[in-house]
Amino acid sequence: QVQLVESGGGLVQAGGSLRLSCAASGRTFSSDVLGWFRQAPGTKREFVAAIWSATSTYYADYADSVKGRFTISRDNARNTVYLQMNSLKPEDTAVYYCAAGSSYGRLRLALPDYWGQGTQVTVSS
């Protein structure tokens, strides 16, 4: 059974940093798109970042709200994707979800093949 498990969430002060990890199991995701979404109370699930490869080149996409502050990366040997979050703001507070899928387009539209269970990130002011 495929499973995505996030870790690394917690409570930080504004301006601080966190690194989230998402470990996949059940199959290899080296050729798939991996991404991160977040959802704050009372809001829709929001795209944060995605990473994929094509013709031996890696590509990344970020939401405007996190561009320049967050960095997505992956370690295919560990079947893991990371989200390095710097200069955190209170508005970054949300449950962060890992996502994986074979299609960038579907994942970008919050329709991945797989979701993780989420990890809470809270940024205090």
Side-chain angles (χ1 to χ4, degrees):
Q1 177 71 285
V2 170
Q3 190 171 17
L4 305 180
V5 180
E6 301 96 333
S7 62
L11 174 64
V12 297
Q13 294 182 334
S17 298
L18 281 175
R19 189 176 77 153
L20 306 183
S21 299
C22 173
S25 61
R27 55 158 288 189
T28 299
F29 285 87
S30 59
S31 62
D32 287 57
V33 183
L34 300 175
W36 292 92
F37 290 75
R38 66 187 184 186
Q39 188 167 20
T43 71
K44 296 189 297 183
R45 192 164 295 187
E46 174 189 34
F47 171 77
V48 176
I51 185 168
W52 68 99
S53 63
T55 61
S56 302
T57 301
Y58 275 102
Y59 299 86
D61 189 24
Y62 298 93
D64 288 343
S65 59
V66 307
K67 194 169 297 182
R69 299 188 297 122
F70 291 10
T71 303
I72 189 170
S73 62
R74 65 195 294 169
D75 185 341
N76 287 340
R78 298 179 182 271
N79 225 24
T80 299
V81 62
Y82 306 94
L83 186 68
Q84 178 66 47
M85 305 185 293
N86 298 327
S87 302
L88 283 162
K89 306 173 181 180
E91 50 263 46
D92 295 318
T93 296
V95 176
Y96 283 71
Y97 297 91
C98 179
S102 60
S103 166
Y104 167 79
R106 287 183 57 84
L107 184 142
R108 183 64 178 80
L109 295 172
L111 296 171
D113 296 328
Y114 306 101
W115 286 108
Q117 84 290 345
T119 185
Q120 177 71 48
V121 172
T122 302
V123 184
S124 62
S125 59

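Keep in mind that what you see is a predicted model, and the values were worked out from it rather than measured.
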Chemist: To check you understand the geometry: which heavy-atom pair defines the closest contact between Arg74 and Trp52, and what is its length?
Modeler: NH1-CA, 3.9 Å
Chemist: Measure the shortest side-chain to side-chain distance between Val121 and Leu18 over non-hydrogen atoms and say whether it is less than 4.5 angstrom.
Modeler: yes
Chemist: With side chain to side chain contact (heavy atoms under 4.5 Å, CB included) as the test, would you mind laying out the steps for Ser65 and Glu46 before giving the verdict?
Modeler: CA-CA 10 Å; Ser65 59; Glu46 174 189 34; 3.9 Å; yes
Chemist: Do the non-hydrogen side-chain atoms of Leu20 and Thr119 ever get within less than 4.5 Å of each other?
Modeler: yes
Chemist: Identify whether the distance between the nearest side-chain nitrogen and carboxylate oxygen of Lys89 and Asp92 falls below 4.0 Å.
Modeler: no
Chemist: Does NZ or CZ of Arg45 fall inside the cone over Trp115's six-membered ring, less than 6.0 Å from its centre and within 45° of the axis?
Modeler: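 Yes, a cation-pi geometry.
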Chemist: About how many Å separate OH of Tyr58 and CD1 of Ile51, when rounded to the nearest 0.5 Å?
Modeler: 6.5 Å
Chemist: Return the minimal non-hydrogen interatomic distance between Ala100 and Leu34, and the atom names on each side.
Modeler: CB-CD2, 3.5 Å
Chemist: May I have all residue pairs that pass salt bridge (Lys or Arg N to Asp or Glu O under 4.0 Å) and include part of residues 105-121, sequence neighbours excluded?
Modeler: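 Qualifying pairs, neighbours excluded: Asp61-Arg108.
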Chemist: Would Glu6 and Gln117 count as having a side-chain donor-acceptor pair, cut-off 3.5 Å?
Modeler: yes
Chemist: To the nearest 0.5 angstrom, please state how far the OG atom of Ser17 sits from the CD atom of Gln84.
Modeler: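 CD of Gln84 is found 6.0 Å from OG of Ser17.
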Chemist: Between CG of Leu107 and OH of Tyr114, what distance do you get to the nearest 0.5 Å?
Modeler: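 Leu107 CG to Tyr114 OH: 12.5 Å, rounded to 0.5 Å.
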Chemist: What I'd like to find out is whether the side chain of Met85 reaches to under 4.5 Å of the side chain of Tyr96, using heavy atoms alone.
Modeler: yes
Chemist: Is there side-chain contact between Cys22 and Trp36, with at least one heavy-atom pair below 4.5 Å?
Modeler: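 Touching, per the 4.5 Å side-chain cut-off.
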Chemist: Where do Val48 and Leu83 land on the side chain to side chain contact (heavy atoms under 4.5 Å, CB included) test, with the steps shown first?
Modeler: CA-CA 9 Å; Val48 176; Leu83 186 68; 4.1 Å; yes
Chemist: Could you walk me through whether Val81 and Cys98 pass the side chain to side chain contact (heavy atoms under 4.5 Å, CB included) test, one step at a time?
Modeler: CA-CA 8 Å; Val81 62; Cys98 179; 3.7 Å; yes
Chemist: Closest approach of Gln120 and Val95, non-hydrogen atoms and distance?
Modeler: OE1-CG2, 3.3 Å
Chemist: Would a 4.5 Å heavy-atom cut-off, applied to side chains only, mark Gln13 and Val123 as touching?
Modeler: no
Chemist: Looking only at heavy atoms, what is the nearest atom pair of Gly35 and Ile72, with distance?
Modeler: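 The pair with the smallest heavy-atom distance is CA-CD1, 4.2 Å.
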Chemist: Would you say the side chain of Thr71 lies within less than 4.5 Å of the side chain of Tyr82, judging by non-hydrogen atoms?
Modeler: no
Chemist: I'd like to check Arg38 versus Tyr97 (side-chain heavy atoms, cut-off strictly below 4.5 Å). Are they in contact?
Modeler: no
Chemist: Could you walk me through whether Phe70 and Asn86 pass the side chain to side chain contact (heavy atoms under 4.5 Å, CB included) check?
Modeler: CA-CA 6 Å; Phe70 291 10; Asn86 298 327; 6.0 Å; no
Chemist: Is it the case that the side chains of Arg78 and Asn76 hold a donor-acceptor pair, with the cut-off being a distance below 3.5 Å and no angle test?
Modeler: no
Chemist: Please give me the minimum heavy-atom distance between Phe47 and Ala63, naming the atom from each residue.
Modeler: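 Smallest heavy-atom distance, with atoms named: O-CB, 3.3 Å.
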Chemist: Listing request: all side-chain hydrogen bond (donor to acceptor under 3.5 Å, both in side chains) pairs with a residue in residues 18-30, at least two apart in sequence or in separate chains.
Modeler: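 Qualifying pairs: Arg27-Asp32.
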